[in-house]
Amino acid sequence: MQNKSYKEFSQIYDLLMDDINYEKWTSFIIEKIDGSRKILEAACGTGSITRLLAEADIKVTAFDLSEDMLMRAYEKLGRNPGVKLLNQDMTNFKIDDRFEACVCCCDGINYLTENQTALFFKNVREHLNPGGKFIFDMSTEYKYETMFNETYVYDDGEVFYVWENMSDECSNKIDMEINFFVRDSSDKYSRITEEQTQYIHTIKNIVDMLKSEGFSNIKIYDDYNNGAGVLPEESLRAVFCAEKL
């Protein structure tokens with residue numbers, strides 16, 4: 001059964017993500033997939049990247065674990081013949097098709113343990129054509145060390161929330177509890193409590209896992225900016241581009 005809080009969370013997800021430059025991310029992706037017209041998107045959420053890829057005449061098969069997120073993606077996308085939405089799990093998805101590229105945005109792998117991440121990479125490889133591109137991002141160790149060690153309070157008049165983080169250094173994970181208070185049309189506030197766990201991955205471990213699962217030509221970028229190379233120490237988001245051998 002779907003987690004009730006996560007179902008409610010999907011109702012305000014786009015409000016919380018409105019600072020993300022999806023157009024910039026999508027332009028970067030389109031440049032790196034180099035003409036690929038058939039893409040798999042993992043952990044698509046409410047379909048913001050999906051919609052922009054489809055508008056670029058790219059056929060997208062997108063999946064997410066949350067049925068409610070997919071419902072909101074469907075509302076955003078409508079009956080688009082170039083998009084297929086599926087309810088699948090990143091660790092064991094199985095789709096009877098092969099793709100020219102796969103993308104996974106918004107820290108999808110930070111919700112996976114190291115073993116689950118290896119399974120995800122394996123599944124991606126099995127669904128790509130030879131030479132297929134794999135692009136994904138993750139929050140960096142620096143981000144967790146500097147931004148996830150405090151309690152945050154946010155208020156924009158419509159949504160007020162308190163975000164608390166509890167770190168577990170032994171297992172390299174962050175447990176988060178976010179209490180949202182959302183104002184409705186009658187000027188009353190309803191409370192939504194969201195609990196999540198994110199896992200901290202090192203750049204080296206991710207690169208090693210990619211190589212182990214049969215990916216090559218691995219390049220790392222800082223937050224969807226061009227200029228691959230050594231990731232700045234203060235980078236908050238690492239973006240990986242790799243190819244299936």
Side-chain angles (χ1 to χ4, degrees), residues 1-109 111-112 120 123-129 131-137 158-159 180 182 184-185 190 192 194 196 224 239 241 244:
M1 181 178 295
Q2 187 179 336
N3 180 279
K4 182 174 183 284
S5 70
Y6 200 74
K7 180 176 181 179
E8 294 173 329
F9 178 62
S10 69
Q11 300 173 20
I12 55 175
Y13 178 82
D14 285 334
L15 290 174
L16 298 177
M17 303 294 279
D18 65 357
D19 62 330
I20 290 183
N21 190 341
Y22 288 115
E23 288 79 9
K24 173 187 172 183
W25 289 18
T26 306
S27 295
F28 176 96
I29 289 168
I30 291 173
E31 176 186 332
K32 300 306 177 189
I33 62 177
D34 193 25
S36 299
R37 312 307 300 175
K38 187 178 177 184
I39 291 182
L40 176 65
E41 183 186 4
C44 65
T46 62
S48 295
I49 294 289
T50 318
R51 177 177 60 82
L52 293 171
L53 289 171
E55 288 176 356
D57 295 323
I58 295 171
K59 291 185 177 181
V60 186
T61 296
F63 70 83
D64 200 277
L65 182 61
S66 166
E67 292 182 0
D68 202 63
M69 288 283 195
L70 290 171
M71 287 176 60
R72 298 194 178 279
Y74 183 79
E75 292 170 0
K76 188 178 295 184
L77 293 159
R79 293 185 177 276
N80 190 318
V83 176
K84 182 185 294 184
L85 296 175
L86 302 173
N87 182 214
Q88 299 263 9
D89 188 321
M90 290 173 68
T91 62
N92 60 14
F93 66 91
K94 187 173 181 60
I95 302 167
D96 189 20
D97 206 350
R98 294 296 177 268
F99 301 89
E100 298 170 5
C102 176
V103 299
C104 181
C105 303
C106 296
D107 309 324
I109 69 166
Y111 291 90
L112 303 177
F120 173 54
N123 285 342
V124 168
R125 184 182 184 281
E126 291 175 351
H127 285 78
L128 286 177
N129 294 328
K133 307 293 194 304
F134 182 25
I135 300 172
F136 63 94
D137 66 46
E158 298 297 324
V159 177
F180 300 91
V182 184
D184 60 24
S185 57
S190 59
I192 300 172
E194 167 70 6
Q196 296 184 0
Y224 293 93
V239 181
C241 296
K244 176 180 175 178

Item to complete: Begin from the C-alpha positions of Val124 and Phe93 and carry the test side-chain contact (heavy atoms from CB on, under 4.5 Å) through to its verdict.
Response: CA-CA 9 Å; Val124 168; Phe93 66 91; 4.1 Å; yes

Discussion item. Quick one, Ser48 with Ile20, criterion side-chain contact (heavy atoms from CB on, under 4.5 Å). Give me CA distance, side-chain angles, the key distance, then yes/no.
Written reply: CA-CA 10 Å; Ser48 295; Ile20 290 183; over 6 Å; no

Item to complete: Test side-chain contact (heavy atoms from CB on, under 4.5 Å) on Ile39 and Phe99 and set out the steps.
Response: CA-CA 6 Å; Ile39 291 182; Phe99 301 89; 5.9 Å; no

Practice prompt. Determine, stepwise, if the pair Phe120 / Ile109 fulfils side-chain contact (heavy atoms from CB on, under 4.5 Å).
Written response: CA-CA 8 Å; Phe120 173 54; Ile109 69 166; 3.9 Å; yes

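Classification of the Phe28-Tyr224 ring pair by plane angle, with boundaries at 30° and 60°, yields perpendicular.
In this structure, SG in Cys241 is found 8.5 Å from CD1 in Ile29, a value given to the nearest 0.5 Å. In this structure, the separation between CZ on Phe180 and CD1 on Ile192 is 7.5 Å, given to the nearest 0.5 Å. The CD atom of Glu31 sits 9.5 Å away from the CD1 atom of Ile135 when rounded to the nearest 0.5 Å. In this structure, CG in Leu128 is found 9.0 Å from CZ in Arg98, a value given to the nearest 0.5 Å. Atom NZ of residue Lys38 and atom OG1 of residue Thr61 lie 7.0 Å apart, to the nearest 0.5 angstrom. In this structure, Cys44 SG and Phe63 CZ are separated by 8.5 Å, a value rounded to the nearest 0.5 Å.
Using a distance-only test at 3.5 Å, with no hydrogens or angles considered, no donor-acceptor pair links the side chain of Lys244 to the main chain of Gly131. At least one donor-acceptor pair closer than 3.5 Å links the side chain of Arg37 to the backbone N or O of Asp57. Formation of a donor-acceptor pair under 3.5 Å by the Asp137 side chain with backbone atoms of Cys106 is found in this model. Side chain of Asn129 to backbone of Gly132: no donor-acceptor contact under 3.5 angstrom is found. Formation of a donor-acceptor pair under 3.5 Å by the Lys32 side chain with backbone atoms of Phe134 is not found in this model. In this structure, Asp89 contributes its side chain and Leu65 its backbone to no donor-acceptor pair below 3.5 Å. Side-chain N or O atoms of Asp64 include none that pairs as donor or acceptor with a backbone N or O of Leu70 at under 3.5 Å. With hydrogens and angles ignored, the 3.5 Å screen pairs no side-chain donor or acceptor of Arg72 with any backbone N or O of Glu67.
For the pair Ala43 and Met90, the tightest heavy-atom approach, listed with the atom from each and the gap, is CB-SD, 3.9 Å. Closest approach of Gln88 to Ile95, counting heavy atoms only: NE2-CG1, 4.1 Å. For the residue pair Ala54 and Val60, the shortest heavy atom distance occurs at N-CG2, 4.3 Å. Taking every heavy atom of both residues into account, Asn87 and Ser66 meet most closely at ND2-N, 4.3 Å. Of all heavy-atom pairs between Gly47 and Leu77, the closest is O-CD2, 4.4 Å.
With contacts defined as side-chain heavy-atom distances shorter than 4.5 Å, the pair Leu52/Glu55 qualifies. With a 4.5 Å cut-off on side-chain heavy atoms, Trp25 and Ile49 count as touching.
Salt-bridge formation is not detected for the pair Lys84/Asp97: no Lys NZ or Arg NE/NH1/NH2 atom is positioned less than 4.0 Å from an Asp or Glu carboxylate oxygen.
With hydrogens and angles left out, the side-chain atoms of Thr46 and Lys76 include a donor and acceptor closer than 3.5 Å.
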